[in-house]
Student: 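Would you mind keeping the following structure in view while I ask a few things?
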Amino acid sequence: MAFWKPGTEKPSFVEDEEGGIVLMSNNLSSSSSSSFGYANIEKQRQRLPVYKYRTEILYLVENHATTIIVGETGSGKTTQIPQYLKEAGWAEGGRVIACTQPRRLAVQSVSARVADEIGVKLGDEVGYTIRFEDHTTSGVTSVKFLTDGVLIREMMEDPLLTKYSVIMVDEAHERSISTDILLGLLKKIQRRRPELRLIISSATIEAKAMFNFFNTSKKRQAPEGSAQGPNLEPAILSVEGRGFSVKIHYVEEPVSDYIRSVVSTILLINEREPPGDVLVFLTGQDDIETTIKLLAEEAHSNQKNSSGLLPLPLYSGLSRTEQELIFTPTPRGKRKVILSTNIAETSLTLEARLLCYYYFGVVYVIDSGFSKQKFYNPISDIESLVVAPISKASARQRSGRAGRVRPGKCYRLYTEDYFLKEMPGEGIPEMQRSNLVSTVIQLKALGIDNILGFDWPSPPSPQAMIRALEVLYSLQILDDDAKLTSPTGFQVAELPLDPMISKMILASNELGCSDEIITIAAVLSIQSVWVIARGVQKEQDEAKLRFAAAEGDHVTFLNVYKGFLESKKSSQWCYKNFLNYQSMKKVVEIRDQLKRIARRLGITLKSCEGDIDAVRKAVTAGFFANACRLEPHSNGVFKTIRGSEEVYIHPSSVLFRVNPKWVVYQSIVSTERQYMRNVVTINPSWLTEAAPHFYQNRQNNISL
DNA sequence: GAGCACTGC
């Protein structure tokens with residue numbers, strides 16, 4: 001395959017994905033920097049690119065309501081800016097500086113690093129809060145790191161976030177739903193609290209959008225009596241990063257089969273390029289396994305080109321141990337080929353990064369140009385995962401991965417013409433690709449009534465909004481005036497779960513099966529309790545049969561949980577039964593949290609003592625909108641009651657091939673077919689009981 | 001008998 005190398009492409013770098021922690025070579029031998037003296041830490045801090053801008057940043061924050069910082073990888077902005085603010089007095093008088101992150105792990109590692117640099121105990125002056133863990137001390141903690149979701153939750157107690165003087169929203173360019181909600185709310189708060197300062201950290205490509213969103217200088221006057229109040233026009237500051245140049249290569253002709261192109265490019269690199277590991281971006285597990293198979297075949301037939309290649313898969317479904325294989329040092333004479341989903345774009349664990357083996361090896365990146373993305377169809381109310389072209393922003397992020405160690409190369413499996421003329425500049429924000437039920441309820445809980453008129457960074461479609469309002473109304477969470485009902489609506493808003501799951505919990509209180517239902521709720525809130533068992537499906541199926549219940553997956557989960565407790569939460573037991581031990585531990589954790597919240601809501605934990613109908617009725621009370629009926633004389637074809645969509649029971653369900661007449665499902669995955677995941681049998685009369693108004697017009701459909 | 005990009009409260 002031929003690659004063309006344009007001379008004009010500027011080196012591009014990845015965004016600051018792990019909070020600007022710079023990988024310093026003198027730090028490698030030590031797992032903790034506490035062995036370094038104060039002077040040494042000071043020197044390290046001053047070497048960071050952001051240090052040059054210290055005065056400028058403090059000036060801008062002082063004088064502008066909002067400051068947008070465009071910072072590249074390794075600029076050090078996440079760890080340093082909160083410290084600069086503290087040094088400049090923004091944390092005096094009991095005020096707190098906040099810094100939000102989209103991911104829990106980033107919150108933990110960045111806060112630990114900052115506490116270390118300042119020389120305080122984590123949880124005192126510097127603390128963090130994530131779900132399940134609050135390491136802050138009221139009145140003492142003045143620099144606080146937290147996930148954006150937690151900050152949104154805090155607004156339910158304190159709508160104006162009065163204790164914060166500055167809020168820095170990091171990784172805003174990722175445009176996750178919670179970041180976008182947070183940005184919308186912070187803009188509102190600023191109107192009421194002109195003294196609040198915002199710092200938005202964003203990639204170049206999103207900076208302009210953020211500027212426009214926060215630019216209120218034309219629309220309103222400075223608040224009364226504050227002639228010298230902050231400038232309402234946001235300031236933008238660029239901070240360079242630390243990285244090496246990356247040469248970009250494009251293909252000359254569009255490729256028809258990107259997996260074959262990936263394989264031939266790997267062989268080309270192996271044949272012609274000096275040592276250095278390869279990182280390949282593919283769309284999913286299937287792609288990755290096909291590529292590994294093709295490479296293995298290549299090794300058989302053509303030993304020369306593929307000698308020394310060490311293919312390693314990387315995707316979230318792998319166990320922790322399997323993922324960590326990519327961090328082991330490359331053996332001499334070998335070349336690691338990491339075949340990854342976009343987990344490598346943002347979400348690799350920081351501890352692993354600090355070990356540096358990964359980045360210290362990768363010099364070549366191959367970009368397929370595709371990733372799996374979620375899309376939502378408000379008409380059918382179905383979310384699906386589809387392979388779609390990535391954006392220019394993602395392409396830059398991916399290529400930057402090649403320049404972490406030394407100058408690198410990125411091979412894009414699309415033409416330069418395509419990149420320049422057709423590839424979209426940025427991705428569609430998650431908000432515009434999702435079901436909005438949870439989003440709407442969060443805003444309602446914060447007293448925002450005019451959902452359709454809310455000032456979003458990127459407004460979702462009215463159809464999606466209306467669909468969400470409709471579902472919440474049918475769940476009796478919203479009333480005729482689209483206000484939260486009391487107590488149901490307020491209770492649902494308090495539970496950190498999908499509203500359908502929350503509604504199921506509330507119903508279980510009346511049905512006397514809350515003990516069972518919160519277990520089910522905890523299981524439904526995580527990905528899957530089963531391990532991915534390639535090649536041993538038969539054994540896993542047999543293991544599943546040991547727990548299987550005729551009523552469906554939800555009841556099966558009760559048996560799994562019971563078995564886990566009886567095993568005394570043994571990892572060995574999980575292994576034997578093809579259950580994911582990490583997931584089971586998480587189930588226990590979430591269940592404990594739900595138990596605490598349930599108690600606060602006045603729900604007393606009560607077991608139905610084997611009355612499985614009560615459990616199924618409670619599930620129906622939450623998920624009645626997902627009811628399906630088996631088409632008579634069809635081979636497992638179901639039709640959704642709401643939209644007459646053709647759906648099937650997923651082969652992973654215990655009801656696969658059982659095909660009962662009536663079921664409700666938790667979610668749909670759509671691939672070749674639309675598959676229902678987590679399915680339970682119901683009696684159709686329960687639908688009209690649970691949601692009479694919802695099924696009134698559909699009476700004819702529910703004839704037995 | 002087929003498949004689940006990635007987060008978060």
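Since the model is a prediction, treat every value here as computed from it, not as a measurement. We name chains A, B, ... by the order of the sequence lines, and we start the count at 1 in each one.
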Student: Parallel, tilted or perpendicular: which fits the ring planes of A/Phe557 and A/His554, with parallel below 30° and perpendicular above 60°?
Tutor: tilted
Student: From CD of A/Glu157 over to C1' of B/dC9, roughly how many Å is that when rounded to an integer?
Tutor: 14 Å
Student: Among B/dG3, B/dA5, B/dG1, which is the nearest nucleotide to the side chain of A/His650?
Tutor: B/dG3
Student: Can you tell me how far apart OG (A/Ser202) and CE (A/Met210) are? Round to the nearest 0.5 Å.
Tutor: 5.0 Å
Student: I'd like to know if A/Asp541 reaches the base of B/dG1 with its side chain, counting only an N/O donor and acceptor under 3.5 Å.
Tutor: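 Under the 3.5 Å cut-off, the side chain and the base do form a donor-acceptor pair.
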Student: Angle between ring planes, A/His650 versus A/Tyr675, binned at 30° and 60°: parallel, tilted or perpendicular?
Tutor: perpendicular
Student: Angle between ring planes, A/His135 versus A/Tyr128, binned at 30° and 60°: parallel, tilted or perpendicular?
Tutor: parallel
Student: Looking only at the side chain of A/Ile130 (C-beta and beyond, no hydrogens), which of the listed nucleotides B/dC9, B/dA2, B/dA5 gets closest?
Tutor: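 It is B/dC9.
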Student: Do A/Arg591 and A/Thr519 get their side chains close enough for a donor-acceptor pair, meaning under 3.5 Å?
Tutor: yes
Student: Between P on B/dT7 and CD on A/Gln527, what's the gap in Å once rounded to a whole number?
Tutor: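 Between P of B/dT7 and CD of A/Gln527: 8 Å.
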Student: Nearest of B/dA5, B/dT7, B/dC9 to any side-chain atom of A/Arg103?
Tutor: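 Among the listed nucleotides, the one closest to the side chain of A/Arg103 is B/dT7.
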Student: Side chain of A/Arg153, heavy atoms from C-beta onward: which of B/dG1, B/dC4, B/dC9 has the nearest atom to it?
Tutor: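 Among the listed nucleotides, the one closest to the side chain of A/Arg153 is B/dC9.
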Student: Starting from C1' on B/dA5, measure out to CG on A/Leu314 and report it in whole angstrom.
Tutor: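 It is 12 Å, rounded to the nearest whole Å.
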Student: Nearest whole Å is fine: how far is B/dG3 C1' from A/Gln540 CD?
Tutor: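 Rounded to the whole Å, the gap is 12 Å.
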Student: Mind checking A/Ser178 for me? I need base, sugar-phosphate or nothing, with any heavy atom below 4.0 Å counting as a touch.
Tutor: nothing
Student: Atom CD of A/Glu174 and atom P of B/dA5: how far apart are they, to the nearest Å?
Tutor: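 It is 19 Å, rounded to the nearest whole Å.
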Student: Kindly point out which of B/dC9, B/dA5, B/dA2 is positioned nearest to the side chain of A/Pro651?
Tutor: B/dA2
Student: Please give, in whole Å, the distance from B/dC6 C1' to A/Ile428 CD1?
Tutor: 16 Å
Student: In terms of the nearest nucleotide of DNA chain B, which residue is placed more toward the 5' end: A/Gln442 or A/Arg433?
Tutor: A/Arg433
Student: Which nucleotide in the list B/dG8, B/dA2, B/dC4 gets nearest to the side chain of A/Arg104?
Tutor: B/dG8
Student: Between A/Thr147 and B/dC9, is there a contact of a side-chain N or O with OP1 or OP2 at under 4.0 Å?
Tutor: yes
Student: Rounded to the Å, how far apart are A/Gln491 CD and B/dC9 P?
Tutor: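 Between P of B/dC9 and CD of A/Gln491: 22 Å.
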Student: Measure the distance from CG on A/Asp287 to P on B/dC4 and round it to the nearest whole Å.
Tutor: 12 Å
